[in-house]
Amino acid sequence: MTHPIRLGAVAAAAALLALSACSQGSATREDGGEDGQTVVRYMEFSSNGGNEQNLEAIVAAFEEENPDIDVQVETTPYADYFTKLQTAVAGGTEADAFELNYENFVTYADSGALAELDVDGGAYTPSLLEAFQHDGAQLGLPESFSDVVLFYNKDLFAAAGVPEPTADWTWEDERAAAEALTDTAAGVWGDYQPATFHEFYKALAQAGGEFLTEDGSATAFNSPEGVAAATWLAGKSGTVMPTEAEGAGTPDFDSTLFREGKLAMWHSGIWMFGPLADVPFEWDVVVEPGDANRASAMFTNGVVVSANSEHPEETQAWLEFLTSSDTTVDTRLSAGWELPPIADEAKLAPYLEQTPPANRQAVFDALEETVLPPVIVRQQEMQDAVTEELGNAAAGRKTVEQAIADAAARVDELL
């Protein structure tokens, strides 16, 4: 599974942010725009590559309602964004407001680089708003989100006489259906969920486990719950889903399998709705099954105010408009530009009315019980270590218990 709300350079951020404590200067380089306007500088990446005009429309609507504020947008391609942002923050020259994904938000919040916000959070879906709270303070606002659901091929279920998934399914229900739907002679597989870091921390939460100790000083997943989560993932390989040797894990392998009608169930993100609109069979989605708990993976971008901004009130006003205004909701829904984080589902009706899938309500139901990824300074190394060890278990190179113990030991060394 891949996702479009992408990870940032957390380790590099931590190194450069350490310098910011000694830096001086203002995040706002101009005191006023034309006719005495207050200039709010905003740095972002997510409009790059096709949504620049959509962001311009949102800015224009805000400025029409707030003629005393001039929003100046600086868009940077994602590949360069975090390096540029980290350098600016370290030098005290960052914009008044900037965009962060969740992983980098945690790092910047820890550094003291972000201003506390005073907002009425009622406009936002609670789990999304809470993602940008840190040590009891609201240090950011959710800007957009996507999540993971269980896709299923209705035609395969009907042909096999297997009842379709429901919102109250458990792992056992999914396992039984996957076994009944797997027909290796016909090249049909019952399930696809890779044994990777991103699937593991979610499955761990579903099993009732924790990835790190409460203070974050050590791993906590070398536990019965961790073994259960890893067993759930690794046990699918070669039984109800293809193996690594058969191509599992290679680019587009899973999406191609589903599109060809050879995959009954698939754990993937809602960004796949569009690419699957033209497949020649019926499909739908439900909230992913749980075990001891329900827990859905949520990916979210947020926006923050720099602690150095000389215009925090005007900057916050811009960010509230950017994240929750009717203009933003309408623009995002019409453009298919990720989903707005608002709580008012009546405003999301145009999205819910689109098909396929028929059950788009599952996208929002999944937000009721979510899990966010663990974040450490050496983030990518942690993710790679966990994925490698889970891969060893899935391929039979190690027992699940040994793979989990080795993964925990490797992550502990990174903390």
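These values consider heavy atoms only, across backbone and side chains, with no hydrogens, waters or symmetry-generated copies.
For Glu63, the CD atom counts as densely surrounded, since its 6.0 Å shell holds more than 12 non-hydrogen atoms of other residues, nucleotides or ligands. Within a 6.0 Å radius of CD in Gln133, other residues, nucleotides and ligands contribute more than 12 heavy atoms.
Here the side chains of Phe132 and Glu143 are not in contact, with every heavy-atom distance at 4.5 Å or above. For the pair Trp337/Ser47, a side-chain contact is recorded, criterion being any heavy-atom separation below 4.5 Å from C-beta on. Within the 4.5 Å cutoff, no side-chain heavy atoms of Gln383 are placed close to those of Pro373. Under the 4.5 Å side-chain criterion, counting only non-hydrogen atoms from C-beta, Met298 is not in contact with Tyr102. Taking 4.5 Å as the limit, every side-chain heavy atom of Asp291 sits out of range of all side-chain heavy atoms of Trp232. For the pair Val149 and Ile270, the minimum side-chain heavy-atom distance is below 4.5 Å. Lys202 has its side chain within reach of Val148: a pair of non-hydrogen atoms, C-beta onward, lies under 4.5 Å apart. Proximity of Phe45 to Leu85: side-chain heavy atoms (C-beta onward) are nowhere separated by under 4.5 Å.
A side-chain donor from one of Asp412 and Thr219 sits under 3.5 Å from a side-chain acceptor of the other. Side-chain atoms of Glu199 and Thr196 form no donor-acceptor pair, as typed in the model, at a separation below 3.5 Å. With 3.5 Å as the limit, one finds a donor-acceptor pair spanning the side chains of Thr75 and Glu44. When only modelled atom types and interatomic distance are considered, Ser46 and Glu338 share no side-chain donor-acceptor pair under 3.5 Å.
For the residue pair Leu181 and Ala264, the shortest heavy atom distance occurs at CD1-CB, 3.7 Å. Across all their heavy atoms, Val400 and Ala234 have their closest contact at CG2-CB, 4.4 Å. Heavy-atom minimum distance, Thr300 versus Pro142: OG1-CB, 4.4 Å. Considering all non-hydrogen atoms of both residues, Val162 and Ala177 come closest at CG1-CB, 4.0 Å.
Judged purely by atom type and a 3.5 angstrom limit, Thr182 uses its side chain to pair as donor or acceptor with the backbone of Gly190. Checking side-chain atoms of Tyr81 against main-chain N and O of Glu99 turns up a donor-acceptor pair under 3.5 Å. Of the possible donor and acceptor atoms, one in the side chain of Asp215 sits under 3.5 Å from a partner among the backbone N and O of Ser217. Of the possible donor and acceptor atoms, none in the side chain of Glu288 sits under 3.5 Å from a partner among the backbone N and O of Ser296. In terms of modelled atom types and a separation under 3.5 Å, the side chain of Arg41 and the main chain of Glu74 share no donor-acceptor contact. Judged purely by atom type and a 3.5 angstrom limit, Asn66 has no side-chain atom pairing as donor or acceptor with the backbone of Ile69. The backbone N or O of Val285 sits less than 3.5 Å from a side-chain atom of Asn359, completing a donor-acceptor pair. Looking at Thr370, its side chain never comes within 3.5 Å of a backbone N or O of Ala297 through a donor-acceptor pair. Without hydrogens or angle criteria, Gln379 side chain to Asn104 main chain gives no donor-acceptor distance under 3.5 Å. Under a 3.5 Å cut-off, the side chain of Thr355 and the backbone N or O of Ala358 do not form any donor-acceptor pair.
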Exercise. Can you check side-chain contact (heavy atoms from CB on, under 4.5 Å) on Val287 and Arg294, steps first, answer last?
Worked result: CA-CA 9 Å; Val287 176; Arg294 304 195 72 85; 3.8 Å; yes

- Item | side-chain hydrogen bond (donor to acceptor under 3.5 Å, both in side chains) between Thr243 and Glu246, intermediate numbers included | CA-CA 5 Å; Thr243 64; Glu246 291 169 319; 3.2 Å; yes

Item to complete: Before giving the answer on side-chain hydrogen bond (donor to acceptor under 3.5 Å, both in side chains), spell out for Glu94 and Asn308 the whole-Å C-alpha distance, their side-chain angles and the decisive distance to 0.1 Å.
Response: CA-CA 8 Å; Glu94 74 275 17; Asn308 284 336; 3.1 Å; yes

Q.
Between Leu129 and Gln138, does the side-chain contact (heavy atoms from CB on, under 4.5 Å) criterion hold? Intermediate values first, please.
A. CA-CA 8 Å; Leu129 186 70; Gln138 194 72 50; 3.5 Å; yes

**Prompt:** Between Asp191 and His267, is a side-chain contact (heavy atoms from CB on, under 4.5 Å) present by the stated rule, with each step listed?
**Reply:** CA-CA 8 Å; Asp191 207 351; His267 294 256; 3.6 Å; yes

- prompt: Yes or no on side-chain contact (heavy atoms from CB on, under 4.5 Å) for Glu413 and Arg378, after CA distance, side-chain angles and deciding distance?
  reply: CA-CA 10 Å; Glu413 290 180 358; Arg378 297 169 71 176; over 6 Å; no

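Residue pairs meeting the salt bridge (Lys or Arg N to Asp or Glu O under 4.0 Å) criterion with at least one member in residues 109-133: none, sequence neighbours excluded. Sorted by first and then second residue, the side-chain hydrogen bond (donor to acceptor under 3.5 Å, both in side chains) pairs with a member in residues 327-336 read Ser325-Thr328; sequence neighbours excluded. Sequence neighbours left out, the pairs with a member in residues 386-407 that pass salt bridge (Lys or Arg N to Asp or Glu O under 4.0 Å) are Glu244-Arg397, Glu388-Arg410, Glu389-Lys398, Glu389-Arg410, Lys398-Asp406.
Rounding to the nearest 0.5 angstrom, the gap separating the CG atom in Leu150 from the OG1 atom in Thr166 is 10.5 Å.
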N/O donor to acceptor pairs below 3.5 angstrom from side-chain atoms of residues 273-282, sequence neighbours left out:
{"unit_1": "Asp278", "atom_1": "OD1", "unit_2": "Arg259", "atom_2": "NH1", "d": "3.4"}
{"unit_1": "Asp278", "atom_1": "OD1", "unit_2": "Arg259", "atom_2": "NH2", "d": "3.2"}

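The aromatic rings of Tyr192 and Phe253 sit tilted, their planes meeting at an angle between 30° and 60°. A perpendicular orientation is assigned to the rings of His198 and Tyr201, their planes being inclined by more than 60° (bins at 30° and 60°). The aromatic rings of Phe105 and His134 lie perpendicular to each other, with more than 60° between the two planes, well past the 30° mark.
In this view, Thr315 and Val40, Asp96, Ala97, Val305, Ser309, His311 satisfy the side chain to side chain contact (heavy atoms under 4.5 Å, CB included) rule, not counting sequence neighbours. The side chain to side chain contact (heavy atoms under 4.5 Å, CB included) search around Glu172 returns Thr170, Arg175, not counting sequence neighbours.
Trp266 pairs in a ring-ring contact (aromatic ring centres under 6.0 Å, His included) with only one of the listed residues (Trp189, Trp283, Phe258), which is Phe258.
Aromatic ring centres of Tyr152 and Phe157 lie closer together than 6.0 Å.
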